Protein chains: 2
Amino acid sequence: MPATIHDVAKKAGVGIGTVSSVLNNSRPVNPATRQKVLDAIKWLDFVPNPSGRRLSMGKTHTIGVVIPFFTIASQIERLRGVMSVIAGSDYDISLYTVETVPQRNKVLQRVARRGHIDGLLIFSLSPTEEDLQRIKQRQVPTVLIEAYHPEVHSLSLDDVAAARNAVEYLINLGHRKIAYIGDYLEDPFGTYFSRNRFEGYCQALKAAGITVDKRYQRQGWLDRSEARQLALDLLQLPDRPTAVFAFSDEQALGVLEAARDLDISVPQQLSVIGYDDIRIAHFAQLTTVRQNLFDSGVKGVELLLNVIEHPNATPQHIQLPTKLVIRHTTAPPPVMENIL
Amino acid sequence: MPATIHDVAKKAGVGIGTVSSVLNNSRPVNPATRQKVLDAIKWLDFVPNPSGRRLSMGKTHTIGVVIPFFTIASQIERLRGVMSVIAGSDYDISLYTVETVPQRNKVLQRVARRGHIDGLLIFSLSPTEEDLQRIKQRQVPTVLIEAYHPEVHSLSLDDVAAARNAVEYLINLGHRKIAYIGDYLEDPFGTYFSRNRFEGYCQALKAAGITVDKRYQRQGWLDRSEARQLALDLLQLPDRPTAVFAFSDEQALGVLEAARDLDISVPQQLSVIGYDDIRIAHFAQLTTVRQNLFDSGVKGVELLLNVIEHPNATPQHIQLPTKLVIRHTTAPPPVMENIL
DNA sequence: TCTGTTTTCGGAAACGCTTCCGAATCGCCG
DNA sequence: CGGCGATTCGGAAGCGTTTCCGAAAACAGA
């Protein structure tokens with residue numbers, strides 16, 4: 001049976017209030033007394049019971065992190081950023097992964113309640129109005145990463161610009177037949193960035209006077225093997241694209257796999273650009289849009305910890321920078337194609 | 001201010017004991033009364049405060065998961081397995097990542113205490129005697145995954161046999177100069193599997209009458225870029241190896257990168273085998289030793305939940321199967337080499 | 001109608017902590 | 001030595017649950 005604060009008090013011959021004061025430095029204590037208490041704590045191997053502390057203080061010292069697409073490397077990088085900050089604080093991390101829509105709803109309903117957590121960090125999910133209502137009503141400090149809602153603090157990317165930029169790069173290389181492989185635009189999780197990246201893709205094409213061709217657009221689940229299927233289909237079109245802009249690195253890797261399946265050499269016959277710059281992207285030599293994932297995790301918790309301190313601050317919306325990283329999956333289109 | 005059980009009791013015109021009974025089905029309640037209580041709960045949007053519940057029941061409904069090498073894909077796969085089970089239970093997951101030795105110690109000290117968590121799941125870390133003492137003393141139900149200690153429940157692999165098997169495969173292909181790139185044998189985290197895999201490597205060589213050559217052994221931090229450096233060194237030896245057995249896929253990928261740096265073609269001039277079968281391994285076409293990572297997570301929590309129910313069960317030690325998955329980074333050694 | 005049994009329920013106590021009011025002690029000055 | 005502010009500390013109250021003792025009500029049997 002673990003020791004309690006009363007055991008310590010008795011052992012040290014002081015009152016429980018004094019022990020608590022020593023534990024939390026909450027009021028001055030005579031050095032001699034403090035030493036007695038410390039000795040007793042050590043002797044009894046006492047650790048304050050967090051449940052008691054929580055109940056008494058009304059704080060849980062826990063931050064909930066909600067992560068969809070957990071299979072995807074980018075999320076892990078963010079989480080690492082979060083953990084690096086948390087390790088130096090006295091908060092714990094409660095992890096909630098989301099793989100399906102019902103799960104998403106269940107998690108958002110169950111988690112966003114006072115008493116479970118002190119704050120909520122949500123990756124890549126834009127809350128619905130209903131979710132938001134609940135969050136606001138329960139007054140749970142919340143920060144969104146890679147998602148947006150005007151009434152909640154958020155960190156997001158200028159996806160439109162980043163995607164446009166990437167596609168412009170392909171256009172400048174000479175590509176005209178540029179395909180897009182992405183997430184479902186009306187994705188069930190209610191995210192915006194899917195539409196944003198697609199929007200950027202369209203903008204770049206239009207600006208260059210290239211017609212946006214439906215045949216060159218494919219949507220699928222955010223997952224390498226599905227992207228591979230989509231790409232197989234795409235690359236067997238009679239007039240196949242010379243470049244693919246993928247919504248995510250994960251999907252870009254699927255495209256690379258498909259190209260290999262079909263003996264299409266990259267970048268000679270096909271250029272591929274991804275999005276995220278996950279760690280494998282480096283290995284795969286993938287040209288991609290880098291978002292500083294680790295850093296987004298760091299900034300996200302830091303903001304959240306801040307919001308926990310100052311619950312009534314007006315929502316901040318921070319834009320994170322992106323950068324096109326050029327590696328070896330992009331090149332000018334094959335010459336023949338241009339001649340024909 | 002959230003409603004409490006007293007508010008509900010007052011609203012429903014019953015006692016708090018009755019409300020609690022309804023909440024937990026802990027004793028029979030007259031249907032009419034129950035309905036009144038349920039109405040009040042709905043009306044007040046009442047959710048029991050977990051801190052109160054925890055304190056009262058002495059259970060935290062939280063499982064701590066300790067994960068070193070979090071950058072490494074294999075750990076994520078395991079964690080996914082864990083999460084898939086937890087999603088259907090009423091436990092929460094508290095995540096503790098470990099990146100350094102001091103952190104390892106801090107985490108094992110702070111986490112393994114009653115009152116924080118109901119159970120502890122430790123990945124890939126063999127506890128020291130001191131850790132163990134603490135764990136036993138505090139009576140925290142614990143399960144090790146990919147680690148071993150006679151006095152704690154564990155899931156582990158027969159690393160010796162798996163490694164021997166992999167190296168035998170290389171030998172059968174005709175290789176004689178087989179290098180090993182691994183973790184530090186005396187690794188600071190106190191793990192066994194490092195030594196075990198090396199042991200398997202040695203056993204295979206000896207059984208084939210090949211002398212174990214120190215020049216062909218490299219140890220480094222478990223990380224792709226460091227492995228790459230080690231491999232660069234190794235592959236520039238005057239009499240360079242024709243095959244490399246790597247301790248992990250992550251390191252095997254580093255070897256592949258080094259080979260590419262040096263324009264050594266794989267598998268024509270160099271064979272590489274990894275260990276784990278992480279998801280990228282498939283993409284990289286890496287021959288590797290598969291351990292069913294997701295499944296190890298599933299089995300691990302299931303065992304832990306069981307141990308939480310029956311704290312005094314004698315320690316179980318489950319061996320997980322492994323399998324050599326042959327892809328395209330292994331081939332017979334170059335013929336010239338054999339002639340010279 | 002009375003007694004004994006079963007069903008149903010109220011609320012005090014306990015969980016381990018923090019907070020804070022007020023009491024005790026100390027130190028200083030006149 | 002007396003008085004007063006400063007310092008130090010004890011422990012009751014309260015946080016929101018669950019548990020459980022025992023009381024009240026309902027019911028059954030004679």
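Protein chains get the first letters and strands the later ones, always in sequence-line order, with residue 1 at the start of each. Just so you know, these numbers come straight off a predicted model, no measurement behind them. Heavy-atom basis, side chains included; hydrogens, waters and symmetry copies ignored.
Comparing atom distances between the Ser56(A) side chain and each of dC9(D), dT18(D), dT18(C) picks out dT18(C) as nearest.
In this structure, Val47(B) and Arg27(B) both approach DNA chain D, and ranking their closest nucleotides by distance from the 5' end singles out Val47(B). Both Gly52(B) and Val19(A) lie near DNA chain C, and the one whose nearest nucleotide falls closer to the 5' end is Gly52(B).
Ser51(A) comes within contact range of no nucleotide atom at all, as no heavy-atom separation falls under 4.0 Å.
In this structure, Lys299(B) does not pair ionically with Glu302(B), as no charged nitrogen and carboxylate oxygen lie closer than 4.0 Å.
In the model, Thr60(A) has a side-chain atom that pairs as donor or acceptor with a side-chain atom of Asp118(A) under 3.5 Å.
Contact annotation: Asn24(B) reaches the phosphate of dT18(D) (side-chain N/O to OP1 or OP2, under 4.0 Å). A close approach under 4.0 Å does not occur between any side-chain nitrogen or oxygen of Arg53(B) and OP1 or OP2 of dG16(D). In this structure, Ser20(A) reaches the dT18(C) phosphate: one of its side-chain N or O atoms is under 4.0 Å from OP1 or OP2. For Asn30(A), no side-chain nitrogen or oxygen approaches OP1 or OP2 of dT7(D) to under 4.0 Å.
Side chain of Ser21(A) to backbone of Gly17(A): a donor-acceptor contact under 3.5 angstrom is found.
The side-chain heavy atoms of Ile135(A) and Val152(A), taken from C-beta on, include no pair separated by under 4.5 Å.
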